[in-house]
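This report concerns only the one structure given below.
Predicted, not measured: the structure shown is a model, and the values here were computed from it.
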Amino acid sequence: MPRRRKRLDPAGFNLPIEPIRQGAFSERSAVLGREVLLADDKRPRVMVQFSADRPGIVSGTDEAIAILKLGVEDWSTLAVHSLYDGDRIDTWDTVITVEGEYQTFAHLEPLCLGVLSRRTLVSSNARALVDAARSKPIIAFPARHDHWSMQPGDLLAAQIGGAWVLSADGQPPARGQAPIAALPHALIAACGGDTVAAAKKFAEHVGKETEVIVPVDYVNDSVTTAQAVARALHGRLWGIRLATSEHLVDRSIIPQMGSFPPAGVNPNLVWNVRNALDGEGFGDVKILVTGAFTADRIRAWDEDGVPVDAYGVGAGLFEGRVSFTSDIVMLNGKPQARAGRGLRANERMERVK
């Protein structure tokens with residue numbers, strides 16, 4: 001038998017469990033349907049099947065299981081089978097089944113669907129970006145594109161998809177990698193626009209065990225700033241970040257203008273910074289690029305050999321949609337489903353303890 005993988009502790013999701021048990025955050029129709037069954041003293045034993053409408057990397061199964069475990073009065077009355085977060089799925093694959101008396105969990109069904117849809121979207125997008133970048137890291141920067149309450153689960157989903165997460169608690173973004181912290185532009189502004197001064201203060205604050213990433217576009221002179229930062233933070237600098245606005249042309253690009261789109265972060269800018277760093281002996285300083293990077297754009301840059309070491313993504317984690325459906329497929333031990341939604345067994349699922 002293959003070794004069972006470990007599922008996350010439901011307590012770690014910090015669910016507002018009392019409101020959830022009362023039907024908060026659910027669809028009103030689901031809550032009313034449950035009330036009808038309770039009022040009529042009906043106790044239909046059902047199997048509910050959860051499946052996705054498109055292929056991807058499933059995520060949110062542990063969170064959905066947490067909703068079920070903490071949201072019902074007696075978990076032992078349910079039989080739940082599930083895939084694991086990170087499993088690859090095809091269209092209409094069954095990812096979770098729940099068996100039990102329907103009135104015990106009917107109000108939780110929409111919440112499980114929402115969790116699966118949102119987290120699978122993020123993990124699938126992250127995996128597409130990671131695949132496009134091949135061996136180069138994808139670093140998730142979702143905060144400014146995501147509601148604060150969604151971020152813990154979305155960051156987990158991004159990690160499940162293979163992205164790096166630079167956490168506030170100093171945890172390494174990937175196995176075998178030292179902790180990394182990214183200097184914000186705002187601290188440079190607070191230091192009077194002096195990137196080197198801000199970088200020194202930041203490196204001192206995060207501690208010697210943590211390497212830093214420093215943006216070098218603040219004064220729109222990425223080459224000169226990158227060199228200055230590398231000299232000042234030698235041994236502490238993981239890499240520099242190119243984040244030139246799409247409405248600006250970096251100073252190093254102006255003499256080269258004429259044969260390519262010059263604004264924002266472009267391949268020529270990356271080459272200019274890479275050559276300047278290498279010329280001063282800073283070949284170990286990595287280059288992180290940010291700014292509307294999609295899987296197609298990353299793939300094109302990789303094929304062209306642009307010397308990027310890592311890609312930062314934010315909004316790209318949330319593009320598109322993934323929808324999950326749930327249906328009763330068995331009633332009191334016999335097939336029962338609406339047209340086109342019959343039981344689709346999935347032998348990869350395991351019983352949840």
Side-chain angles (χ1 to χ4, degrees), residues 4-17 20 25 50 52 54-71 80 82-89 93 95-96 108 110-131 133 137-182 290 295 310-324 348-350 352-353:
R4 292 175 59 91
R5 286 177 279 175
K6 187 176 181 180
R7 297 193 184 275
L8 297 177
D9 183 350
F13 291 101
N14 296 315
L15 299 172
I17 202 60
I20 285 176
F25 318 114
F50 293 82
R54 60 189 58 199
I57 304 299
V58 70
S59 185
T61 62
D62 284 349
E63 194 171 357
I65 290 166
I67 290 170
L68 292 167
K69 276 191 172 183
L70 301 178
V80 177
S82 175
L83 294 179
Y84 285 87
D85 285 347
D87 284 344
R88 188 173 291 277
I89 56 173
D93 273 355
V95 301
I96 296 178
L108 306 176
L111 278 69
C112 294
L113 285 170
V115 163
L116 290 167
S117 296
R118 171 71 177 199
R119 307 310 187 203
T120 298
L121 171 67
V122 175
S123 59
S124 298
N125 282 338
R127 181 62 60 85
L129 293 162
V130 167
D131 289 346
I138 295 293
I139 302 179
F141 292 99
R144 67 192 63 189
H145 307 283
D146 205 8
H147 190 280
W148 63 267
S149 65
M150 298 292 289
Q151 287 183 43
D154 285 345
L155 286 172
L156 174 60
Q159 285 183 301
I160 288 167
W164 286 15
V165 171
L166 306 185
S167 60
D169 58 7
Q171 292 299 310
R175 184 176 299 175
Q177 171 65 56
I180 302 173
T290 58
Y311 295 88
V313 297
L317 293 169
F318 313 114
E319 292 181 350
R321 69 166 187 85
V322 174
S323 295
F324 277 74
R348 294 189 295 148
M349 295 191 303
E350 293 185 6
V352 180
K353 293 184 176 180

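- In this structure, Thr61 OG1 and Ile89 CD1 are separated by 10.0 Å, a value rounded to the nearest 0.5 Å.
- For Thr290 (side chain) and Gly312 (main-chain N/O), no donor-acceptor pair under 3.5 Å exists by modelled atom type.
- The environment of CZ in Arg321 is crowded: more than 12 heavy-atom neighbours from other residues, nucleotides or ligands sit within 6.0 Å.
- Ser117 contributes no side-chain N or O that, together with a main-chain N or O of Gly114, makes up a donor-acceptor pair within less than 3.5 Å.
- Electrostatic pairing of Arg5 and Asp62 does not count as a salt bridge here, judged by no charged N lying under 4.0 Å from a carboxylate O.
- Taking the side chain as every heavy atom from C-beta outward, Tyr311 and Leu129 never approach each other to under 4.5 Å.
- Counting only distance, with no hydrogens or angles, the side chain of Ser123 and the backbone of Ala158 share no donor-acceptor pair below 3.5 Å.
- Between Phe50 and Leu113, some side-chain heavy-atom pair lies under the 4.5 Å cut-off.
- The distance from the OG atom of Ser82 to the CG atom of Asp87 is 8.5 Å, given to the nearest 0.5 Å.
- Contact check for Arg119 versus Met150: side-chain heavy atoms found under the 4.5 Å cut-off.
- Between Arg348 and Asp93, at least one side-chain nitrogen of the basic residue sits less than 4.0 Å from a carboxylate oxygen of the acidic one, meeting the salt-bridge criterion.
- By the 4.5 Å heavy-atom criterion applied to side chains, Leu166 and Phe141 are counted as neighbours.
- Between Ile65 and Pro10 there is no side-chain heavy-atom pair separated by less than 4.5 Å.
- In this structure, Asp154 and Phe318 have side chains that are in contact, with non-hydrogen atoms separated by less than 4.5 Å.
- Taking OG from Ser124 and CD1 from Ile160, the interatomic distance works out to 10.5 Å, rounded to the nearest 0.5 Å.
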